[in-house]
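Just so it is clear, the structure is predicted and the values come from calculations on it, not from any experiment. In what follows, every chain begins at residue 1, and chains take the letters A, B, ... in the order their sequences are listed.
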Amino acid sequence: MASLVLKMSVSLDGYVASSDGSADWKTAGRSDDSTRWVVETVSNAGLHLVGATTYAEWAGFWPGASGPFAKAMNEIPKVVFSDSLASADWGETTIVAGDLAEAITRLKQERSDGYLLAQGHRHDLNPGAQK
Amino acid sequence: MSMPYTTCHMSISLDGFVAGPDQSRDDPLGKRGIELHHWHLGDERANDADQTATAWLMRPRGAYVMGRNMFGPIRGAWDEDWRGWWGPEPPYHAPVFVLTHHPRDPIEMDGGTTFHFVTDGFGAAYAQARRTAGERGVDIAGGAATVRQALSAGVIDELTLDLVPVLLGSGERMFDGAGSLDLEPVEVLHSPLATHIRYRRVR
């Protein structure tokens, strides 16, 4: 069975997004080895799990993007959790409606190993900062 | 690296609390606050990382600054019998400057610890601690409100956090209102009980 991994940046005082939406703080402390770790974590996931808002931002950003994350972001299959989204045209994407916990349990059980990745992401962040 | 002058070492939950709620004489760390300290209190899962962090915690220092609420559970006027939580020989072995609004004569304990009571604020207590400590350095002993004042004043050269994988849900938060930090991690060790991070001030 696959596991579910949450990768999220959090400040020392416990915040995951700034009130003004700026995301400089997430990359300010980044070093070569931490970048390598993030690239590996994003690239080795069996599935990326996102919500509809993040999906729309990503779909508008990653198809033409370059850099160390672009290949993984474009090629790894995605599941979008949404009760309203009708179609998703970017990459290999499945739309899942209904109960989130049930869906994630099923997605875990469909795979013998590896992990599903939820990247901590606030929809009001500038996706460019995730490059 | 040379010993930083002003140090501070705090155990903190993953959700940012350095003590649980409802601190009292029977429950000095607040509800479930003890869960932040298993790493140095004999838990069998402790490993070399915890031993190293315990050695950081126990480094001899020239003087300490401590908040009234850490010194004891009494609020308001003093109960003159109260001599701290630590028995006749507290682990400080140096002068400890306790912040309070209520004057009190110093209390000399066994083993070199003397509690001095300072009524004119953090800056005054820190200045006295510096004068007393000389080159042996000052430690900000806690708790949350005192550390917050030290962070706001920008006097901490090395902050060590033991990040403990528990969620306390409520209690004493340390960073709220502390302003901005200029710290970078210089050492990270971990065990199943805690991730120990030493931050140094970026010069």
Side-chain angles (χ1 to χ4, degrees), chain A residues 1-45 49 51 68 100-101 104-105 108 113-126 129-131, chain B residues 8-20 36 140 142-145 147-152 154 156 158-190 194-203:
Chain A
M1 191 170 82
S3 55
L4 172 65
V5 171
L6 171 67
K7 183 196 79 60
M8 193 132 196
S9 296
V10 57
S11 69
L12 261 187
D13 54 350
Y15 291 97
V16 298
S18 62
S19 53
D20 65 0
S22 64
D24 302 354
W25 64 276
K26 289 166 73 171
T27 48
R30 198 171 269 186
S31 58
D32 287 348
D33 58 344
S34 68
T35 299
R36 199 156 46 239
W37 180 86
V38 176
V39 170
E40 282 173 12
T41 302
V42 168
S43 303
N44 293 335
L49 309 184
L100 189 67
I104 288 177
T105 302
K108 285 175 161 183
D113 58 6
Y115 61 92
L116 322 174
L117 181 67
Q119 292 192 59
H121 183 83
R122 271 284 304 253
H123 58 76
D124 55 358
L125 296 185
N126 166 18
Q130 295 246 325
K131 265 189 290 189
Chain B
C8 178
H9 189 153
M10 298 292 286
S11 297
I12 187 165
S13 68
L14 204 49
D15 55 350
F17 297 102
V18 296
L36 303 178
I140 309 300
V147 173
R148 186 181 308 124
Q149 290 178 76
L151 290 169
S152 297
I156 295 177
E158 180 179 292
L159 174 66
T160 302
L161 296 179
D162 316 295
L163 186 60
V164 178
V166 297
L167 300 176
L168 292 186
S170 61
E172 296 290 328
R173 291 175 62 84
M174 188 171 76
F175 289 111
D176 291 355
S180 62
L181 296 181
D182 204 4
L183 301 171
E184 63 180 23
V186 293
E187 188 168 1
V188 181
L189 306 170
H190 70 90
T195 303
H196 309 284
I197 311 169
R198 283 200 307 128
Y199 294 92
R200 286 275 175 100
R201 187 210 297 272
V202 179
R203 293 294 178 188

Original post:
Which distance, rounded to the nearest 0.5 Å, do you find between the CD1 of B:Ile197 and the CG of A:Leu12?
Top reply: 7.0 Å
Original post:
In terms of heavy-atom proximity below 4.5 Å to chain A, should B:Phe17 be classed as side chain, backbone, both, or neither?
Top reply: neither
**OP:** Identify which part of B:Leu163 has an atom lying under 4.5 Å from any heavy atom of chain A, answering side chain, backbone, both or neither.
**Re:** neither
**OP:** Count the heavy atoms belonging to other residues, nucleotides or ligands that lie under 6.0 Å from CG of A:Asp33, then report whether that count exceeds 12.
**Re:** yes
